[in-house]
Number of protein chains: 4
Amino acid sequence: MIDYRIDRGSGVPAYVQIVEQTERALRMGFLKVGDKLPTAKEVVAATAINPNTVLRAYRDLEQAGLVELRRGLGTFVTRSLARPGAEDDSPLRREVTDWVTRARAEGLERADVLAMVTAALDAHDDEHDSHAPGRPPPEPAR
Amino acid sequence: MIDYRIDRGSGVPAYVQIVEQTERALRMGFLKVGDKLPTAKEVVAATAINPNTVLRAYRDLEQAGLVELRRGLGTFVTRSLARPGAEDDSPLRREVTDWVTRARAEGLERADVLAMVTAALDAHDDEHDSHAPGRPPPEPAR
Amino acid sequence: MIDYRIDRGSGVPAYVQIVEQTERALRMGFLKVGDKLPTAKEVVAATAINPNTVLRAYRDLEQAGLVELRRGLGTFVTRSLARPGAEDDSPLRREVTDWVTRARAEGLERADVLAMVTAALDAHDDEHDSHAPGRPPPEPAR
Amino acid sequence: MIDYRIDRGSGVPAYVQIVEQTERALRMGFLKVGDKLPTAKEVVAATAINPNTVLRAYRDLEQAGLVELRRGLGTFVTRSLARPGAEDDSPLRREVTDWVTRARAEGLERADVLAMVTAALDAHDDEHDSHAPGRPPPEPAR
DNA sequence: GTGGTCTAGACCACA
DNA sequence: GTGGTCTAGACCACA
């Protein structure tokens with residue numbers, strides 16, 4: 001069962017953190033179609049956030065077509081975001097695991113690692129089609 | 001000069017996005033001590049957000065000891081977060097650039113790439129000291 | 001400006017009523033792209049429902065791509081649902097106005113009128129393609 | 001036998017949908033005094049909702065004086081809502097059937113048709129007695 | 001001033 | 001028991 005962690009000091013709304021963590025789990029295949037998300041009550045017990053906030057996140061996921069809230073039953077995954085290439089035993093996965101291990105061993109913090117990857121993504125997307133999926137295009141000035 | 005990109009619709013407050021992007025640039029050494037941040041006016045022109053929002057972010061950065069707001073002059077970096085190991089020409093950088101290129105070539109989206117790295121970080125930190133810097137510790141249940 | 005009316009005894013959630021009334025106004029062209037919806041405060045003054053409930057409705061409309069919530073500014077229509085054929089001066093409009101007038105004159109209640117139209121729609125859609133847009137297909141038994 | 005269709009996703013509670021559909025059938029004369037409603041079991045088979053939900057709706061209809069629940073026998077219509085003017089072969093019925101056919105032929109969706117009729121009703125009732133039966137009076141501001 | 005998040009708590013819908 | 005709506009109120013983000 002997915003284990004949400006809410007970082008209360010990050011400035012990112014709690015419900016956004018739940019949505020993001022759920023989407024990541026879907027992309028990684030950690031959550032599959034039919035899987036049950038934790039009940040609001042369980043999330044409350046684990047994270048000390050309010051059940052309304054959990055439901056707000058689940059509703060957003062529902063409107064994104066990823067889960068279904070069934071009253072009296074629970075919340076269930078209805079769509080996968082799993083990617084070929086991101087499986088547990090794929091070469092890319094093995095490589096990144098290895099790379100992260102070395103980065104951490106060299107003393108880099110979690111934030112350093114994410115900064116390096118983000119920088120690599122930015123550099124890549126600037127060189128290629130800048131409207132690659134996932135990177136928000138620059139906002140036009142109004 | 002750092003080029004902020006605000007993703008309205010991400011749910012993350014605009015000022016948080018500015019702070020995060022600035023910190024990443026500091027970690028990567030893209031911004032160095034003495035460098036000038038864009039003026040609020042320039043950011044407004046580039047992102048269509050309100051100058052107050054930019055100043056809010058700069059004040060947060062100032063309180064974190066990273067920049068200094070000099071009235072009438074601008075905002076300047078006062079502390080580096082650059083890491084040995086994250087330099088432009090370090091092996092880790094070359095490897096991650098290469099890895100990202102291959103991941104993108106295999107059709108993975110930006111979000112997939114970030115999900116894979118986050119998963120690798122989570123797995124690593126769970127195996128080692130789970131209170132590694134940067135990863136918020138689990139909240140205690142109340 | 002659109003004038004919401006909440007029927008508290010209908011069993012239909014208040015936020016759904018706001019969403020439905022807004023969509024109807026968009027379909028009729030009563031609301032156009034760029035138009036401002038009433039502020040939450042104004043709706044509260046007019047309907048005695050809670051501002052959170054209004055915002056819940058506006059958020060749903062935003063996720064449907066119909067409006068944009070701009071903090072500090074208000075909520076604005078971003079997409080029209082206006083239909084050729086439904087304009088104020090179209091033959092269909094004139095005919096239905098006339099028909100409603102006669103139905104009411106014969107003593108039929110609002111609910112009777114809606115029941116007759118719904119019945120006519122059901123009959124029509126059963127004869128033609130039953131998956132015509134707007135009518136939910138029968139749910140498969142599980 | 002009346003054929004209930006539950007639109008999950010409409011935001012309208014399932015039991016309200018059953019009540020509304022039953023009332024419409026009574027207004028149209030599709031259901032007459034003495035007619036039997038489907039058993040909860042039959043509705044469950046057709047709609048995949050829980051029998052308790054069906055019973056909840058039937059109890060509401062009973063309290064409205066429209067049906068009677070007879071233990072072991074079933075649920076029976078005890079009162080008609082049929083209206084002169086709404087019969088199958090009335091001029092108003094023929095006209096609305098014709099009008100709906102043309103509206104659909106012009107590409108209008110079910111929701112467009114209902115929006116047009118609702119707009120016509122609103123316009124009519126605003127001009128005449130605004131407390132016409134069936135339209136909820138405006139809520140007084142608090 | 002306008003929208004946004006979050007909470008606690010009441011009550012409801014559904015299984 | 002699980003999700004859903006609504007409220008009042010506190011505090012925040014943004015213009």
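In what follows, chains carry the letters A, B, and so on, assigned in the order in which the sequence lines appear, proteins first and then strands, with residues in each chain numbered from 1. Please read these numbers as outputs of a predicted model, since none were measured by experiment. Worth knowing before you read on, the calculation uses all heavy atoms, side chains too, and leaves out hydrogens, waters and symmetry mates.
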How many whole angstroms separate atom [atom1] of [X] from atom [atom2] of [N]?
X	N	atom1	atom2	result
Arg59(C)	dT5(E)	CZ	P	6 Å
Leu55(A)	dT7(F)	CG	P	17 Å
Ile6(D)	dA13(E)	CD1	P	14 Å
Arg8(B)	dC14(F)	CZ	P	9 Å
Arg71(A)	dG1(F)	CZ	C1'	14 Å

Return the 5'-most residue of the pair Gly11(A), Ala14(C) with respect to DNA chain F, ranking by each residue's nearest nucleotide.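 Nearest-nucleotide comparison on DNA chain F picks Ala14(C).
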Apply salt bridge (Lys or Arg N to Asp or Glu O under 4.0 Å) to residues Arg5(C) and Asp3(C) and explain how you reach the verdict. CA-CA 7 Å; Arg5(C) 306 198 178 205; Asp3(C) 169 33; 3.5 Å; yes
Do any side-chain nitrogens or oxygens of [X] fall under 4.0 Å of OP1 or OP2 in [N]?
X	N	answer
Arg56(B)	dA13(F)	yes
Thr75(A)	dG3(F)	yes
Thr53(C)	dT7(F)	yes

Which part of the nucleic acid, if any, lies within reach of Tyr58(A) when heavy atoms closer than 4.0 Å are counted: base, sugar-phosphate only, or nothing?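 No contact at all - Tyr58(A) keeps every heavy atom at 4.0 Å or more from the nucleic acid.
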Base dG3(E) paired with Asn52(C) side chain (donor-acceptor, <3.5 Å):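 Check fails, no donor-acceptor contact within cut-off.
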Counting N and O atoms only, with roles assigned by atom type, does the side chain of Thr78(C) sit under 3.5 Å from a partner on the main chain of Gly65(C), one being a donor and the other an acceptor?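 It does hold such a pair.
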Paired and unpaired positions of DNA chain E as dot-bracket, Watson-Crick or G-U wobble under 3.5 Å, | denoting a partner strand: ||||||||||||||.
